[in-house]
Structure formats: structure tokens, C-alpha cells
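Just so it is clear: chains get the letters A, B, ... in the order the sequence lines come, proteins before strands, and each one is counted from 1.
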Number of protein chains: 2
Amino acid sequence: MMFSKSCEYALKAVIHLCIKAKGESRLNISEISRAIDSPEPFTAKILQTLSRHGIISSIKGPGGGFYIDKKAAPIRVIEIIDLIDGKHAFDRCGLGLKDCNEDRPCPIHKEFKSYSVQLKHLLETKTIQEFAKEISRGNAFLINT
Amino acid sequence: MMFSKSCEYALKAVIHLCIKAKGESRLNISEISRAIDSPEPFTAKILQTLSRHGIISSIKGPGGGFYIDKKAAPIRVIEIIDLIDGKHAFDRCGLGLKDCNEDRPCPIHKEFKSYSVQLKHLLETKTIQEFAKEISRGNAFLINT
DNA sequence: CATATTTAAGACAACCAAGTCCGAAATAGC
DNA sequence: GCTATTTCGGACTTGGTTGTCTTAAATATG
């Protein structure tokens, strides 16, 4: 697994919010977890974290729920990964060395580096909104049939 | 983390054996775990698994230990990963979907696929012996300073 | 203001990977 | 054959991630 379960749910949830709750409309926890096929209370925890850090917004009380602020900038995929899984979650040494670098590389360093550089660039430039658009168009999906 | 701790230790251990215990000479558990900086009893478990599946060889008793059969074919990196972490450990869906494919992709499927294909090819063609050579030449390392 | 609805927060439980321990089996050397 | 050494195998412990539950806080509505 590239990312933790928490991170997978976070990515799916924010993508779904971008489609269904941009601006005025809101979605509550049960609607979200149903849409992305995730355990409801666990999803609640993750949504709270995302909200606490300002990646998504929330409103308590009747008619409340979670939503994406219309005026907010597009959300880069890397922001969610850094928040949930920690920085450099995906570009650590393949053999687990703490200090693996060009000067003192592990044997698979060079090969892995070329991938993680590409991957990092992808995650830093791609936005959740772009993914949401693919879903809206029916070109991609968040759950299995 | 790309691979499990078990898999990291397995890769390091087999690389080390390729350097120090090819043919007649053997290394025991404490020598190996010291060389690759891993917990001794946990490393023992992993070496047993590798031995049971014929990736490395072992001899019990005084002067015994683990070694790489000189006559055995070079060990492809993928063999160790498949054994320890299970098949397709590294090319599962980035969002955790069970059935994610071209026909019904998750939004990050296409981008991830292009990496996992490259990575898979690398792991299927690179051998432990090649990595061992890099270590022997002083161009790569298995532990931090 | 009372009530229903919804998120917030923290404690708790279940699960799995990581790591330990111990007795059994094999074997080399005396 | 006895002893020391070493791997083998299984049971056990620990720690972190995943997932649940319960109570509190906020707020919309009548």
C-alpha cells in the first residue's frame, strides 16, 4: 500500500466533497462515508482532522456538515498526504535507511529516486479538483461496482 | 514505506549473504543482524522463511549458518518481495480499490500505473547479485554511518 | 427556551505487523 | 555418546493503525 487507510479515505472524501459540496451545499458524515464506502465513525475522525487544518470546512447543527469553501484555492493532492501520512510518506528509502542520499546511497537508491521524483512532482501539481472532474465526467470512480 | 520491515530486512540480509557467504562460507544469525542493523530474533524468523522457500540455504549446528548456494541462479529482487510481502505488494490501487483497472479506474489510476509498470520491470530484472556488487565496490551501503 | 441535529473530542477496542522467547531438532567435535 | 552450537518452529508480547463508542458543544427551528 502506497498510503495509509486514513489517507485513502481522506483523498476519497475530499474528492467527493469537491463534486457534491462545493460552495453552499453540505454533506454530513453518513452521506460521505456511504459515498466512498468507508467506516462511518472512522471517517468522522479523518474529516475532523481535515477540517481542523482548514483543508475542508464544517458547520455544526441541523443542516450542517462538511463542504469545500468556494473561495479557497484548489487543493493539491500532496497537502492531504502530508497532513495525514506525514511529510515524505512516499519518498523514503526503499530499504528503510534513515540517511540515504547520493553521497551514501542504499543499493536501490538511484532507481527508486527516479520514481519518487516523478511521483512527488505529480502529487505536488495534481489537484483534488482535477480528480473530481474526472469522476464527474464518468471517466473515473471512487468505489467498486 | 514501500515495503514492510520484514521485507527490508530480507533484502538487506540476502544482499549481505551474497557478499559474505557465497559458496562454502556461512554466516550465523548474529553476524547477519549485526551487519544489516536489524533485531536479531526477528531477523532469525525472516531468514527461516527465506531458507524454507529455498531462496537461501542453511546448515544447523556448530559452524553452521546461512549462505547462498553457489550453483543457484541469481536471485531476482521480485522473488523476495513476492515471498515476504505477497504478490503485487507495490502495484495495488493508490486509493485501495479492490478492482481498479482501465475499464473502471480510480482517479489516480492512470498516473500510478505508469510508475508501477516501470517499478515492476525494475524489480523483475534487477538481481540481488547486482546490488551486492555495488556494495562490494563501495558505491552503496546497507547501514547508516 | 427546548429540542433535534450535527460536528468535536477523547477514551476505548480490535487487529495486524514487528519483535521476543523458549524448547526442539540437527550436527560438529571431543 | 555427550556437549556445545546453531537453526527451526511455535507461542507469546508489544506497538501502531484502524475502527468504535460516548459525551460535549454548537446551532437551526419551532
With a 4.5 Å limit on heavy-atom distance, are the side chains of B:D37 and B:N144 in contact? no
If we only count heavy atoms from C-beta on, is the A:F141 to B:C100 side-chain gap below 4.5 Å? no
Donor-acceptor side-chain pairing of A:S4 and A:D85 below 3.5 angstrom: yes
Rounded to whole angstroms, how far apart are [atom1] on [X] and [atom2] on [N]?
X     : N      : atom1 : atom2 : answer
B:K12 : C:dA18 : NZ    : P     : 13 Å
A:R26 : D:dA26 : CZ    : P     : 17 Å
B:I46 : C:dT20 : CD1   : C1'   : 13 Å

If you restrict it to nitrogen or oxygen atoms, what contacts under 3.5 Å exist between nucleotides 6-12 of chain C and the protein, and what is each distance?
from	atom 1	to	atom 2	distance (Å)
C:dT6	O4'	A:G61	O	3.3
C:dT6	O2	A:G61	N	3.4
C:dT7	OP1	A:I29	N	3.1
C:dT7	O3'	A:S58	OG	3.3
C:dA8	OP1	A:S58	OG	2.8
C:dA8	N7	A:Q48	NE2	3.4
C:dA9	OP2	A:R52	NE	3.3
C:dA9	N7	A:K45	NZ	3.0
C:dA9	N7	A:Q48	OE1	3.3
C:dG10	N7	A:K45	NZ	2.9
C:dG10	O6	A:K45	NZ	3.1

Does NZ in A:K5 sit with more than 12 non-hydrogen atoms of other residues, nucleotides or ligands closer than 6.0 Å? yes
Roughly how far, to the nearest 0.5 Å, is the OG atom of B:S6 from the CD1 atom of B:I84? 6.5 Å
With a 3.5 Å distance limit and no angle check, can you tell me whether B:H121 reaches the backbone of B:V117 through a side-chain donor-acceptor pair? no
Among residues at least two apart in sequence or on other chains, which ones pass side-chain contact (heavy atoms from CB on, under 4.5 Å) with B:S33? B:S38, B:E40, B:T43
List in chain and number order the residues that pass side-chain contact (heavy atoms from CB on, under 4.5 Å) with A:T127, two or more places apart in sequence or in another chain; answer none if no residue qualifies. A:P74, A:R76, A:Q129, A:E130
Check against side-chain contact (heavy atoms from CB on, under 4.5 Å), B:Y67 and B:L17: CA-CA 6 Å; B:Y67 65 101; B:L17 284 174; 5.5 Å; no
Strand contacts (DNA chain D) in residues 17-25 of chain A, 4.0 angstrom heavy-atom criterion: none
Quick test: give all pairs of protein nitrogen or oxygen and nucleotides 16-18 of chain D nitrogen or oxygen below 3.5 Å, distance rounded to 0.1 Å.
from	atom 1	to	atom 2	distance (Å)
D:dT18	OP1	A:K5	N	2.7
D:dT18	OP2	A:S6	OG	3.1

Residue pairs passing the side-chain hydrogen bond (donor to acceptor under 3.5 Å, both in side chains) test with at least one member in residues 19-30 of chain B, sequence neighbours excluded, are B:N28-B:S30, B:S30-B:R34
